[in-house]
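Presented below is the structure to which this report refers.
Labels below follow one simple rule: chain letters A, B, ... track the order of the sequence lines, proteins then strands, and each chain is numbered from 1.
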Amino acid sequence: MRVPEKPSLDGLEAKWGEWWETTGTYRFDRSKTREQIFAIDTPPPTASGSLHIGHVMSYTHTDIVARYRRMRGREVFYPIGWDDNGLATERRVQNYFGVRPDPSLPYDPTFDVTALERPDDDRPVRVSRPNFIELCERVTAEDEKAFESLFRLLGLSVDWTQTYTTIGEHSRRVSQRGFLRLARKGLAYTAEAPTLWDVDFQTPVAQAEIEDRERDGQYHRIAFDRSDGGRVEIETSRPELIPACVALVAHPDDDRYHDLVGSTVTTPLFRVPVPVVAHHLADPEKGTGIAMICTFGDVTDVTWWRELGLPARVVVRRDGTLAEGRFGEPGWESEDAGAANAAMAELTDKASNQARRRIVELLREAGALLDEPTPVRHVVKFYEKGDRPLEVITSRQWFVRTLDRRDDLLARGRELSWHPSFMGARFATWVEGLNQDWAISRQRFFGVPFPVWFRLDDEAEPLYDDPIFADEATLPVDPSADVPPGFTAEQRGRPGGFIGDPDVMDTWATSSLTPQIAGHWEDDDDLFRRVFPMDMRPQAHDIIRTWLFYTVLRADLEHDSLPWSNAVISGFVLDPDRKKMSKSKGNVVVPTEVFERHSSDAVRYWAGSARLGYDAAFDEQQMKVGRRLAIKILNASRFALSMEAAPGDVTEPLDRSMLASLREVVRQATEAFDDYEHAKALDLVERFFWGFTDDYLELVKQRAYGVHGAEKAGSAVAALHQALDVLLRLFAPFLPYVTEEVWSWWREGSVHRAAWPSASELDVADGADPEIYEVSAGALTAIRKEKALAKVSLRIPVERATVRDTGARLAKLELGAADLREAGNVQILETEPADAASVDVVLAQPAQQA
RNA sequence: GGGCGCUUAGCUCAGCUGGAAGAGCGUCGCCCUUACAAGGCGAAGGUCGCAGGUUCGAGCCCUGCAGCGCCCACCA
């Protein structure tokens with residue numbers, strides 16, 4: 001036994017972090033079977049971002065579970081990845097190196113960024129996509145080192161040999177293979193369709209990436225001309241789309257417009273004849289009850305356009321500006337094409353809000369604006385990272401079928417165990433609200449390319465209906481550099497030749513395969529069978545509709561199973577004012593500084609006290625408490641282990657009673673852990689521990705020193721050792737450093753590979769009554785209280801202490817009476833049966849006058 | 001508008017299947033006690049959001065309301 005004189009928390013992180021690594025404490029043993037393994041689908045944090053205190057909390061939650069399961073005998077598969085695939089990295093690399101990816105360029109194997117010559121005008125240098133990806137990997141490797149060191153400091157018990165990056169070759173291969181499998185089954189398809197589109201990023205946006213924002217807008221009341229010479233009034237917030245109007249629509253049951261349905265009206269300014277149609281989605285309550293259908297103002301327009309078989313007249317370009325007038329051409333009929341094109345010319349090249357201002361003037365001049373616009377606060381759809389409202393733009397994209405799988409997905413959501421359970425409702429709400437298939441292609445440059453080429457016809461126009469898919473054996477491929485089977489490089493871009501699909505996949509198309517990536521699906525079937533479906537997906541609630549949903553979808557489509565059996569959802573960390581922490585509010589906390597101030601165990605204690613699914617306040621006070629607890633564990637352990645008496649048999653009733661009480665704590669903490677209620681487990685263990693130090697240690701101190709002989713001392717020392725041994729293991733998932741430190745003083749190996757405490761190892765407490773300990777500790781507390789109230793030292797002798805309680809409890813007190821007398825320095829201890837419990841204390845020395 | 005969660009001491013939160021309101025922090029007081037003074041012991045502090053109901057009994061169950069947070073829907 002090597003117990004230090006002055007134990008300390010300082011340096012424990014470095015000492016044990018290194019030891020765990022060199023001894024491979026957390027190394028995954030892949031020889032274990034699926035039943036023996038506990039597999040975790042760890043979230044890959046975004047490289048190029050920074051880790052914040054919210055990560056610290058949720059990753060600690062995961063680690064607590066991992067450590068518990070490991071101690072329960074499961075071989076924990078605990079890999080980690082870095083999400084370096086996506087816009088954040090793309091932008092960073094562009095700025096860092098002054099380059100821009102260009103999918104039309106071939107890969108240059110001799111490319112050397114350090115020798116890069118910048119043009120004088122400071123314009124970015126074009127590089128091929130594969131070269132660009134190499135640069136991304138280089139930059140993100142730096143971020144990943146920083147992340148790793150923070151996670152190591154936090155004490156995550158991940159296997160650092162099982163790491164992956166979402167842009168790495170392995171992830172690209174899995175991602176492309178996953179896509180090919182979907183395409184082959186017809187579950188991924190390409191189509192030219194109206195899609196929500198960000199005009200700044202110039203890329204489609206999936207439903208999951210959309211957020212609503214309240215914006216000020218205006219309603220404009222506008223007159224359309226009826227064929228009978230009358231007018232019909234509509235209300236719109238987007239008058240600039242009048243040239244794109246293809247119909248008016250009213251509800252079939254709306255009597256006001258009953259006669260109008262089936263007739264033709266004429267749009268103002270552009271003089272385009274459009275039909276009046278009926279559809280149940282038209283809301284009689286909104287505006288005037290009759291609405292303009294444009295191609296396309298919003299998603300409802302798309303529904304109307306599709307279901308009513310309307311023509312398309314598109315006026316908004318991909319960059320959000322308005323196009324030139326084409327009135328008079330086929331499909332652009334107008335009663336006065338000249339005037340229509342003249343009006344359109346006033347709007348051409350303007351962004352929609354500028355065009356809106358101009359057309360309002362034109363409408364006013366033409367007498368078609370019936371009232372001055374009325375301000376309105378309404379909700380507009382935005383790309384979550386975007387600055388301007390989304391437009392609906394028609395483009396060719398790859399989609400994954402989700403709409404027709406809603407029932408399946410809802411069933412998967414019910415099959416999954418959610419912790420806490422109410423989080424399942426968010427998933428169900430999301431699935432029920434799906435209104436479009438998942439658009440997975442992005443017109444960006446950095447990302448996983450589609451393993452697809454298109455044949456070119458004699459005019460060198462792509463034939464999209466018959467894509468050429470890559471052979472799975474050749475993955476990953478980059479169609480901008482690689483040549484499809486049966487073609488030669490010279491045929492690229494030539495009539496009768498081919499072109500590569502220039503698009504990349506949505507990052508979620510890769511992230512949704514993290515179980516397959518980490519488990520080496522198809523590349524290592526043996527491993528995959530041992531870890532998939534996994535046991536647990538930890539994540540925060542904000543990405544249920546993205547990461548969680550898409551991962552469930554992919555596993556359902558590819559493996560016809562859930563990807564994991566448990567979803568463990570952490571809350572957010574709020575600042576002490578209950579505000580969400582964010583960079584823009586300037587209230588973010590730098591995790592490394594927090595670790596320095598309080599120690600890793602202390603920070604983990606704070607995180608471990610927070611329940612799953614509920615937001616937690618960032619609370620340094622709580623970390624101080626954690627630090628104090630860790631120090632207390634050091635000191636109490638040193639004390640318990642420094643007794644000179646040899647441990648003997650645990651025979652004293654008080655000792656056995658304490659162990660019986662501990663056994664109940666083990667039972668309850670285990671139950672809490674099995675229910676993913678780690679905060680409850682921590683509370684139980686901590687509560688017992690403080691009682692153990694305040695009461696039990698005090699009660700048995702003298703006896704352990706040997707005042708009643710070696711045998712009774714041996715019982716106390718043995719009980720102290722046994723309790724400490726169990727307590728260290730109970731604390732180990734929460735406080736890995738301090739428990740490992742104490743464990744190393746007197747035990748072999750790592751506490752983190754020791755077995756979780758069981759009831760059977762405490763069988764010395766069989767038949768023992770926990771109440772003996774409870775009654776004795778209660779009496780000691782009462783005596784201490786009297787001394788505190790009398791403002792005297794705890795050493796002051798008690799002349800007489802009279803304990804009143806029920807006969808049964810007094811009988812139990814008798815069994816601990818000898819220890820109680822010593823601990824309280826009681827000269828005469830007497831008992832008196834009574835209905836209500838109380839303690840009378842007569843101090844030997846009167847209270848000092850103040 | 002629909003849904004989920006929350007509302008308990010100044011603060012952060014526990015309160016299991018209904019059975020005498022709890023912890024920690026903070027505040028205040030005391031104690032150098034041979035593990036720990038960057039300690040320890042103790043005290044004060046609550047109309048359990050509001051209103052009904054069920055029950056012998058409600059912080060807990062039911063109904064309604066209010067406030068806060070989040071999710072979803074909502075562009076005429």
Tell me whether the side-chain N/O atoms of A:Tyr705 come closer than 4.0 Å to OP1 or OP2 in B:rU34.
no
Describe the nucleic acid contact of A:Asp301 in one word from base, sugar-phosphate, nothing, applying a heavy-atom distance below 4.0 Å.
nothing
Do we get A:Arg611 above A:Tyr614's six-membered ring, with its NZ or CZ under 6.0 Å from the centre and within 45° of the axis?
yes
Below 3.5 Å is the cut-off: list the nitrogen or oxygen pairs between protein and nucleotides 67-74 of chain B, distance only.
| residue | atom | partner | partner atom | Å |
| --- | --- | --- | --- | --- |
| B:rC70 | O2' | A:Arg426 | NH1 | 3.0 |
| B:rC70 | O2' | A:Arg426 | NH2 | 2.9 |
| B:rC72 | OP1 | A:Arg545 | NE | 3.1 |
| B:rC72 | OP1 | A:Arg545 | NH1 | 2.4 |
| B:rA73 | OP1 | A:Gln207 | NE2 | 3.4 |
| B:rC74 | OP2 | A:Lys381 | NZ | 3.1 |
| B:rC74 | O3' | A:Lys286 | NZ | 3.4 |
| B:rC74 | N4 | A:Asp212 | OD2 | 2.4 |

Atom CH2 of A:Trp690 and atom P of B:rG42 are separated, to the nearest Å, by 13 Å
Classify A:Ala610 by what it touches in the nucleic acid, base, sugar-phosphate, or nothing, heavy-atom distance under 4.0 Å.
nothing
With rounding to whole Å, what would you report as the distance between B:rC70 and B:rC25 at their P atoms?
31 Å
Detail all sub-3.5 Å separations between protein N/O atoms and N/O atoms belonging to nucleotides 31-33 of chain B.
| residue | atom | partner | partner atom | Å |
| --- | --- | --- | --- | --- |
| B:rU33 | OP1 | A:Arg795 | NE | 3.4 |
| B:rU33 | OP1 | A:Arg795 | NH2 | 2.7 |

For RNA chain B, the dot-bracket pattern of Watson-Crick and G-U pairs whose distances stay under 3.5 Å, | for other-strand partners
(((((((..((((.....[..)))).(((((.......))))).....(((((..]....))))))))))))....
Give me the distance, rounded to whole Å, that separates B:rC60 from B:rG2 when you measure between the C1' atoms they each carry.
27 Å
Over 60° means perpendicular and under 30° means parallel, so tell me whether A:Phe689 and A:Phe731 are parallel, tilted or perpendicular.
perpendicular
Work out how far the P atom of B:rG52 is from that of B:rG57, and round it to whole angstrom.
16 Å
Pairwise P distance for B:rA9 and B:rG22, with rounding to whole Å
14 Å
Answer yes or no: is there an ion pair linking A:Lys701 with A:Asp819, defined by an N-O contact shorter than 4.0 Å?
no
Residue pairs passing the side chain to side chain donor-acceptor pair (under 3.5 Å) test where at least one lies in residues 282-301 of chain A, sequence neighbours excluded
none
Apply the test side-chain hydrogen bond (donor to acceptor under 3.5 Å, both in side chains) to residues A:Gln702 and A:His708: give CA-CA distance (whole Å), side-chain angles for both, the deciding distance (0.1 Å), then the verdict.
CA-CA 8 Å; A:Gln702 295 303 321; A:His708 292 297; over 6 Å; no
Using the 3.5 Å cut-off, write out each protein N or O paired with an N or O of nucleotides 24-28 of chain B and the distance between them.
| residue | atom | partner | partner atom | Å |
| --- | --- | --- | --- | --- |
| B:rC25 | OP1 | A:Arg628 | NH1 | 3.4 |
| B:rC25 | OP1 | A:Arg628 | NH2 | 3.0 |

List in chain and number order the residues that pass side chain to side chain contact (heavy atoms under 4.5 Å, CB included) with A:Ala782, two or more places apart in sequence or in another chain; answer none if no residue qualifies.
A:Val839
